[in-house]
J.: 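Got a structure for you, written out below as structure tokens; questions coming shortly.
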Amino acid sequence: MKFFNTLTRTTEEFVPANPPHVGLYTCGPTVYNYAHIGNLRAFMFEDVLRRYLEYRGYQVRHVMNITDVEDKIIRTVRESGKSLKEVTEFYTQEFLRDLATLNIKSAHVLPRATESIPAIIELISKLVENNHAYVGEDGSVYYSIRSFKDYGKLSHFKLDELQATGRVQHDEYTRESASDFALWKSWDEADGDVKWASPWGLGRPGWHIECSAMSMQHLGASFDLHCGGEDLIFPHHEDEIAQSEAATGKPFVRYWLHNAHLLVEGKKMSKSAGNFFTLRDLLAKGWTGREIRYVLLSTHYRKQLDFTFDGLQAARSALQRLDEFLLKLPDAAGPICPVIAGFEAAMDDDLNISAALAAVFEFIRESNKNGAPPGALAMWQRVDTVLGFGIPGKASVPAEIQALVDERQAARKAKNFKRSDEIRDQLAQAGWVIEDTPQGPRAKRVAG
RNA sequence: GGCGGGUUUGCCAAGUGGGAAGGCGGAGGUCUGCAAAACCUCUAUGAGUCGGUUCGAUUCCGACACCCGCCUCCA
């Protein structure tokens, strides 16, 4: 199995440090608002990654942090008059619900930054002792980028090539170099009750340090996989490497995987453009979690994805065709048939989902034409542990619906087509479609 | 300015130095009392533009055009 490693910018064979165990850390949400569809693409990619690793027999330990203390959260707390805990707990639960809607597997460990303060302080202390960090006048602690000679190895930026932008100059904190970043931010009045005691006085952790502390706490000083959106490459992940490796002297992460962002209807998602969607927005428009799942995972994770309503419609049609196929498969009994040709080869190749889905649809067409191989349903159950679309139940037709189907069939036999068409309309009203197949009528529930 | 990605059929989207997957849509067909549903078949002599290398390029190299991302707390 091969992955494109951001660190080397090449596609490399994946070899875990300690097989069959795999340590996977994925950067989680900052819980001050609902996740939007762009956020969810990242979690979808990570879900497919994890599921495929498990499919391949690895025992994955998946850790995803919840960032529950941060500037934007504090602003929300201040503006809402609620407590930090109230705000972050609410959005954390909403986030987990979104993941469930999309059938994204929950991480095994979901550490919160606010529950990891001791580990964070310990890590910062180590960096201060090592002279990789220093305490500013106001009691904030900063990481000294110049102290880490490999700084820039992930993003491939050179320090002197970094263009200073407005944000650097506007920073309210004191530090020696504009590019140094805060490990610990000293408390001020605007922070309200959000504060913890530390060797440097009251304050709160910076953003990057929490991921270093929590990932190493749960996965060790070195682990296999670390993922996130491509925007996190710099500075977030670059800074994580600097902090972690300066503290431990060991290589932090072996494979870095990053997903590209998405556009909505060809444009960058923004509230002012009116193309900003949360999952609840899409559900309210009548789209289902699995349709959204299909759209989000069907484009390769390193390619920019254009999220459109045409795409959702296409996903709906494709899934209907898949469901139709699965419903006609005989129940599994006996041996499983070989996995769809090409599926694993495609997924092994840096999760080439497009090619994998192409293999799936070729299999469907071939099976429709010449009959599915025995054990196909059991095989699909295994494939679906990766795709996560779910397998439609052989829907039981309610008795009153079946009675109408039978009555219509009797009317047809008696050539009473007026009556049979009435019943057909009636069934349509109730959300059922009749398929008159050579084997007789079949009632099918229609979506929407 | 620095670093990086992209441009494939109506839309979405793969692979590949030697006649371009797959999905959606569209067209035709099978089935049907008629439909619908379902299924089958077909649907890019051409891959942003111009050069080069090669027996041969969509695939390699070089220009150019356009689009996009990152450049200090946005997945």
Side-chain angles (χ1 to χ4, degrees), chain A residues 6 9 26-30 35-46 67 70-72 145 152 155-158 160-168 170-171 178-182 185 206-208 227-236 238-239 258-263 266-269 294-295 298-308 310-322 324-325 327-328 342 346 349 352-362 364-365 368-369 412-413 415-418 420-421 424 428 433-438 441-444 446:
Chain A
T6 307
R9 289 187 181 171
T26 59
C27 279
T30 300
H36 59 67
I37 197 69
N39 300 130
L40 294 169
R41 183 199 191 180
F43 303 117
M44 184 63 69
F45 144 61
E46 290 153 0
T67 298
E70 188 262 354
D71 292 358
K72 288 189 292 290
I145 284 177
S155 57
H156 300 265
F157 290 147
K158 296 193 177 83
D160 52 9
E161 283 172 355
L162 294 176
Q163 195 177 62
T165 62
R167 250 193 289 199
V168 174
H170 288 160
D171 200 290
S179 42
D180 289 350
F181 57 89
K185 294 183 170 185
W207 177 36
H208 313 302
C227 308
E230 61 183 354
D231 57 303
L232 295 183
I233 295 169
F234 190 90
H236 185 54
E238 193 70 64
D239 290 349
H258 293 95
N259 63 279
H261 281 193
L262 62 69
L263 302 176
K267 279 187 267 182
K268 189 164 181 170
M269 186 165 48
Y294 188 99
V295 169
S298 59
T299 293
H300 188 261
Y301 74 93
R302 284 192 290 112
K303 182 163 174 164
Q304 183 169 268
L305 161 67
D306 190 11
F307 188 89
T308 65
D310 282 352
L312 277 168
Q313 184 56 54
R316 175 171 287 177
S317 298
L319 283 168
Q320 275 168 5
R321 178 142 158 249
L322 173 64
E324 192 72 36
F325 169 71
L327 282 170
K328 287 173 183 164
D349 183 15
N352 187 342
I353 191 74
S354 304
L357 288 175
V360 166
F361 282 102
E362 277 180 81
I364 290 176
R365 181 156 25 78
N368 280 333
K369 218 180 336 179
R412 292 180 70 214
K413 282 255 162 59
K415 305 233 184 273
N416 184 353
F417 298 122
K418 183 167 176 293
S420 73
D421 288 351
R424 185 204 282 160
V433 169
I434 302 296
E435 289 183 23
D436 289 322
T437 73
R442 183 162 76 101
K444 194 172 76 169
V446 288

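When reading the values below, keep in mind they use all heavy atoms of this one structure, side chains included, and skip hydrogens, waters and symmetry mates. Below, chain A is the first sequence line, B the second, and so on; all start at residue 1. This structure is a prediction, so every number in the text was calculated from the model and none was measured.
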J.: What's the CG-C1' distance between A/Leu322 and B/C39, to the nearest Å?
T.: 15 Å

J.: Give the nucleotide from the list B/G23, B/A75, B/A21 with an atom nearest to the side chain of A/Ala358.
T.: B/A21

J.: Taking 4.0 Å as the cut-off, does a side-chain nitrogen or oxygen of A/Asn368 come that near to OP1 or OP2 on B/C40?
T.: yes

J.: Name the closest nucleotide to the A/His261 side chain, picking from B/G22, B/A75, B/C39.
T.: B/A75

J.: Take A/Cys27 and A/Ser317, find for each the nucleotide of RNA chain B with the closest heavy atom, and name the residue whose nucleotide sits nearer the 5' end.
T.: A/Ser317

J.: Hey, does the side chain of A/Lys72 come within less than 4.0 Å of B/C74's phosphate (OP1/OP2), counting only N and O?
T.: yes

J.: Among the nucleotides B/A75, B/C3, B/G22, which one has an atom lying closest to any side-chain atom of A/Arg365?
T.: B/G22

J.: With A/Ser420, which residues qualify under side chain to side chain donor-acceptor pair (under 3.5 Å), at least two apart?
T.: none

J.: Can you name the side chain to side chain donor-acceptor pair (under 3.5 Å) partners of A/Asp239, sequence neighbours left out?
T.: A/Tyr151, A/His208

J.: Nucleotide by nucleotide, 5' to 3', does protein get under 4.0 Å of the base (B), only the sugar-phosphate (S), or neither (-) in nucleotides 29-36 of chain B, counting heavy atoms?
T.: --SSBBBB

J.: What's touching nucleotides 12-14 of chain B from the protein side, N or O pairs under 3.5 Å?
T.:
unit_1: B/A13; atom_1: O2'; unit_2: A/Ser354; atom_2: OG; d: 3.3
unit_1: B/A14; atom_1: OP2; unit_2: A/Lys303; atom_2: NZ; d: 2.9
unit_1: B/A14; atom_1: O5'; unit_2: A/Ser354; atom_2: OG; d: 3.4
unit_1: B/A14; atom_1: O3'; unit_2: A/Asn352; atom_2: ND2; d: 3.4

J.: Not counting sequence neighbours, which residues clear salt bridge (Lys or Arg N to Asp or Glu O under 4.0 Å) with A/Glu435? List them please.
T.: A/Arg442, A/Lys444

J.: Residues two or more places apart in sequence or in another chain: which of them pass side chain to side chain donor-acceptor pair (under 3.5 Å) with A/Thr30?
T.: none

J.: Name all residues meeting the side-chain contact (heavy atoms from CB on, under 4.5 Å) criterion together with A/Lys418; count only those two or more places apart in sequence or in a different chain, and write none if there are none.
T.: A/Asn416, A/Glu422

J.: When you match A/Pro235 and A/Asn259 each to their closest nucleotide on RNA chain B, which lands nearer the 5' end?
T.: A/Pro235

J.: Among B/A37, B/C3, B/G23, which nucleotide sits nearest the side chain of A/Tyr294?
T.: B/G23

J.: Quick one: list whatever passes side chain to side chain donor-acceptor pair (under 3.5 Å) with A/Gln304, sequence neighbours left out.
T.: none

J.: Would you please name every residue forming a ring-ring contact (aromatic ring centres under 6.0 Å, His included) with A/Phe361, sequence neighbours left out?
T.: none

J.: As a check on the pairing definition, encode RNA chain B in dot-bracket form, counting Watson-Crick and G-U wobble pairs whose two distances are under 3.5 Å, and using | for partners outside this strand.
T.: (((((((..(((.....[...)))((((((.......))))))....(((((..]....))))))))))))....

J.: Sequence neighbours left out, what passes side-chain contact (heavy atoms from CB on, under 4.5 Å) with A/Ala359? Give chain and number order.
T.: A/Ile340

J.: When you get a sec, tell me which of B/C40, B/A21, B/G23 is the closest nucleotide to the side chain of A/Lys369?
T.: B/C40

J.: For A/Thr308, check side-chain contact (heavy atoms from CB on, under 4.5 Å) against everything at least two apart and list the hits.
T.: A/Glu265, A/Asp306, A/Asp310

